[in-house]
Structure formats: C-alpha cells, structure tokens
Amino acid sequence: LSSSTRVATIICFVALFTAGMSTAHGLSNQDVSAAIADANNSLQSAFVAVIDAENAGMNVSVLISKLNQAGANLTMAELAFDNGNYQEALSQAGACKISAENVAANAVDLESHAPGWPSRIFSNSEIGLFAAGGFVMALLLTWFWFRGYYTRKLTRSLPEVAS
Amino acid sequence: MMWTIGEYKRAFYLVGLVGIIMCFVPSLMELAGSPPNERFSELYILADHTGNYPFNVSTRDSYNVSLGVGNHVGSSVYYDVAVKFRNSSEALPNGTEPSPLPMLYEYRVFLEDGKDWDGNLTFSFSQVSFPNNVSCNVGKIMINNAAFEIDKTATWDTAKDTAKDTANSGFYYQLLVELWSFNQTADRIQYDGRFVSLWLNMTSNA
C-alpha cells in the first residue's frame with residue numbers, strides 16, 4: 001500500500017471509531033435511562049399481578065421472593081447509571097425487566113388456577129354440611145338412647161303401675 | 001324437680017340448632033369477610049452487633065446499622081426504603097410530607113403480610129474538611145459501597161439539644177431513612193408517613 005492509502009485508511013478508522021464512540025455514548029445515556037424506567041414499570045406491573053393472584057387466594061411467597069431479586073437488580077442498575085457505568089446499568093435493568101415479566105406471567109397463570117369465592121364458600125359449606133350431618137346423627141342417637149333410659153327410669157319409679 | 005320428656009325434647013332441639021349453626025360458621029365468615037384489624041407498617045433502625053449506634057463519626061471508619069420493615073397491612077406490599085442525608089438546617093420529613101432532599105440509596109422490598117425484612121446499612125464518609133474549625137463540609141458519603149456526592153456543610157452547633165441525645169456540641173448531621181410504598185390506585189410509589197433517623201457528629205480523624 002502506498003503511504004497516502006495508509007494515511008487515508010488510518011483517518012477512516014479514527015473517524016469511524018470516534019463516530020462510533022460518540023454514538024455509543026450518546027445512545028447509551030438515553031437507552032439506559034429508558035431501560036431503567038421500563039424495568040421500573042415492569043416491576044410495578046408484576047407486583048400488581050402478584051397482588052391480584054394473592055387476592056384470589058393463592059400463595060405468592062415464591063413470586064415475592066423473585067420480585068425482591070428483581071428489585072435488587074433495579075437498584076444496582078440505578079447505582080451503576082449514576083456512576084456512569086452504562087453497560088452494567090443496562091445489564092441490570094434488563095435482568096430486572098426479564099424477571100419482572102416472568103413473575104407477572106406466573107402470577108397471571110396462578111390467578112387463573114385460583115378457585116373463585118363461590119367455590120371457596122361451597123368448600124366451607126360442604127365441610128359444614130358433613131359436620132352438621134354427623135352432629136345431627138350423634139344427637140339423634142343420643143336422643144333415642146336417652147328417651148329409652150328416661151322411660152325405663154320412670155317405669156322403675158312407679159312400681160304400682162308395673163304390678 | 002324432674003323435667004318432663006317434652007322439656008328434654010325441647011332442650012335437644014336447642015342443642016341441635018346451636019350445633020348446626022356452629023358447623024356453618026366458616027361459611028358465614030367467608031360471606032361476611034374477616035373482622036378488620038389495625039393495619040400498619042413498621043420501620044426501625046437497629047444498632048450493629050456491639051449494640052452501639054454510631055454517633056461520633058469520621059472518615060477513618062465505616063459504620064453499620066440494620067434497617068427493618070414489618071408488614072401488618074393485610075396483604076403484600078411493595079416498599080421503598082429511601083436513605084437521605086441532611087445537615088441540621090435542612091427540612092425533616094413529617095407524618096405526611098417526605099424530606100425534599102434527594103434519595104441517595106433505595107432498598108426495594110416486597111413483603112408479604114405478617115413478614116419482616118432486615119437489611120444492612122453500611123456507610124462511611126470521605127472528602128471531609130473543617131474550614132477554620134467553625135464549619136464542617138462533607139463531600140462524599142458511601143452507602144453500601146455506592147458513592148454519593150453530597151457537599152453538605154454543618155456549622156458548629158453549641159445548643160444542648162436533648163433531641164440529639166447528647167449534651168455535647170458538634171457538627172451535626174442526620175441520616176434519614178424514609179418508608180415509601182407502592183399505591184396501586186395512584187400507580188406510583190408514595191411516602192408512607194414513617195421515617196427513622198440517626199444523629200451523627202462529624203469529627204476529625206485526629
């Protein structure tokens with residue numbers, strides 16, 4: 001290669017590198033800020049989904065634990081952003097968003113399997129019905145035994161009637 | 001006097017009726033809902049393993065306390081535990097308004113009803129200066145290994161303020177911890193009306 005070609009090539013590389021760096025830096029700032037806001041929204045939406053599942057009577061302990069991890073990711077993303085570590089911030093925000101979206105999907109799935117309040121009442125009523133049936137049976141048996149016992153006792157206390 | 005068989009029969013009817021009603025109490029409770037309890041959140045700050053709260057601080061050491069949140073709201077809550085730093089002339093939070101100071105460090109805590117959360121709060125200071133020994137400037141605070149530029153100046157406080165739990169004069173600062181929570185209706189995190197704080201007296205290393 002001639003010297004002029006080498007110089008032109010180097011200039012092109014430097015220009016491309018400089019343009020690439022400035023673009024990367026400029027975009028990173030906006031992208032990371034948007035990614036953090038997006039992750040924050042996902043986290044809040046996931047929590048709302050978890051609350052809905054909880055209100056439907058489901059156990060959400062595992063989902064709450066996952067939300068805590070996602071929340072820690074978001075905190076780390078914000079700290080990294082404040083320190084200018086955009087790559088780390090983007091990575092942590094992405095991890096938060098993915099976790100939150102998984103939690104939201106799991107919560108919706110959990111809620112869809114939840115028994116509604118009529119079935120919960122019915123379930124309690126069934127138990128109540130069985131218990132009441134057993135109680136009435138026991139009471140009737142006791143009554144029949146007691147009636148016989150009472151009659152026998154009454155008969156023994158009136159010997160003139162027996163004779 | 002002995003009861004007649006008819007009276008015994010009525011007594012059995014009564015016992016049967018009460019028993020049947022008792023059997024259906026869970027169903028009736030489900031229909032009526034649970035009785036309301038007092039609903040609240042807790043926020044507390046605990047000393048480190050030595051049992052001492054940090055008070056006289058300098059750039060030489062780092063300090064550790066524990067933060068805690070308790071949920072007694074009746075359902076899961078998304079809490080935001082916000083750490084702030086103020087000098088004695090800056091606004092404090094109250095029962096309705098948070099301190100206007102910026103949040104330095106946040107703990108995002110998701111907590112089920114009846115559960116507690118504990119977290120470590122480790123802090124240290126750097127870029128501390130005492131111009132003419134009449135004021136103190138703190139340039140930077142490290143909270144859980146994250147650095148924050150604060151640039152806070154405190155003047156020499158000679159008032160014997162019992163609220164600071166001391167009779168000594170000093171350069172007083174306060175580490176504030178506010179409790180925020182996610183309000184589903186407003187769809188955002190809001191101040192919960194609770195805060196705890198730690199008075200700190202900045203001293204030189206010498």
Side-chain angles (χ1 to χ4, degrees), chain A residues 40-41 43-48 50-55 59-61 63-76 78-80 82-83 96 103 117-118 120-136 138-140 142-144 146-147 150-151 153-154 157, chain B residues 2-5 7-9 11-33 71 74-81 102-113 115 117 119 143-149 181-189:
Chain A
N40 196 17
N41 288 337
L43 196 62
Q44 291 184 356
S45 301
F47 175 68
V48 171
V50 169
I51 285 289
D52 289 343
E54 186 180 54
N55 289 341
N59 184 341
V60 294
S61 297
L63 299 180
I64 288 286
S65 172
K66 287 178 180 174
L67 279 180
N68 275 310
Q69 183 53 51
N73 287 132
L74 184 57
T75 297
M76 284 190 275
E78 287 173 339
L79 292 173
D82 290 343
N83 289 328
C96 170
V103 167
W117 67 266
R120 286 207 298 275
I121 291 172
F122 185 64
S123 172
N124 282 336
S125 301
E126 277 178 331
I127 295 166
L129 206 61
F130 279 114
F135 179 74
V136 167
L139 201 65
L140 278 173
T142 309
W143 168 247
F144 288 134
F146 177 77
R147 197 174 57 178
Y150 184 89
T151 310
K153 193 178 172 188
L154 206 65
S157 67
Chain B
M2 200 175 173
W3 277 11
T4 64
I5 193 72
E7 283 169 333
Y8 278 116
K9 198 173 186 178
F12 266 77
Y13 277 139
L14 188 67
V15 170
L17 190 67
V18 170
I20 288 167
I21 289 169
M22 293 291 283
C23 289
F24 285 100
V25 162
S27 299
L28 295 172
M29 290 281 285
E30 187 78 37
L31 274 174
N71 177 3
S75 65
S76 295
V77 178
Y78 172 11
Y79 291 108
D80 194 307
V81 182
M103 290 182 186
L104 298 177
Y105 192 92
E106 290 176 69
Y107 299 84
R108 290 183 167 84
V109 181
F110 295 86
L111 210 53
E112 285 180 89
D113 179 45
K115 298 276 174 70
W117 167 85
I143 301 175
N144 295 345
N145 294 322
F148 301 93
E149 303 282 346
S181 60
F182 180 71
N183 183 326
Q184 209 172 328
T185 313
D187 197 29
R188 64 189 173 93
I189 301 272

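Order of the sequence lines sets the chain letters (A, B, ...), proteins ahead of strands, with each chain counted from 1. Everything numeric in this text was worked out from a predicted model, so none of it was measured.
For A:Leu139, the parts sitting under 4.5 Å from any heavy atom of chain B are the backbone and the side chain alike. Heavy-atom distances place both the backbone and the side chain of A:Thr142 under 4.5 Å from chain B. Contacts of A:Leu140 with chain B are absent, with no heavy-atom separation under 4.5 Å from either backbone or side chain. For a residue to count as touching a neighbouring chain, one of its non-hydrogen atoms must lie under 4.5 Å from one of that chain's; by this rule B:Glu106 touches chain A with backbone and side chain alike. The contact between B:Val77 and chain A is made entirely by backbone atoms, counting heavy-atom distances below 4.5 Å. Contacts of A:Leu79 with chain B are made by side-chain atoms alone, with heavy-atom separations under 4.5 Å and no backbone atom involved.
Listed here is the closest heavy atom pair of B:Met103 and B:Asp80: SD-OD1, 4.5 Å. Between A:Leu74 and A:Asn40 the shortest heavy-atom distance is CD2-OD1, 3.6 Å. Of all heavy-atom pairs between A:Phe47 and B:Tyr78, the closest is CZ-N, 3.3 Å.
Using a 4.0 Å cut-off between a side-chain N of Lys or Arg and a carboxylate O of Asp or Glu, B:Lys9 and B:Glu7 do not qualify as a salt bridge.
Taking the six-membered ring for Trp and thresholds of 30 and 60 degrees, B:Tyr105 and B:Phe148 have ring planes more than 60 degrees apart, a perpendicular arrangement.
Listed options B:Ala146, B:Ala147, B:Gly16 were ranked by heavy-atom pairs under 4.5 angstrom with chain A; first place goes to B:Gly16. By number of non-hydrogen pairs under 4.5 angstrom with chain B, the leading residue of A:Thr151, A:Leu43, A:Asn83 is A:Leu43. For chain B, the option among A:Trp143, A:Phe135, A:Phe130 with the highest count of heavy-atom pairs below 4.5 Å is A:Trp143.
Between the side chains of B:Asn144 and B:Tyr107, at least one donor N or O lies within less than 3.5 Å of an accepting N or O. Of the N and O atoms on the side chains of A:Ser61 and B:Glu112, at least one donor lies less than 3.5 Å from an acceptor on the other residue.
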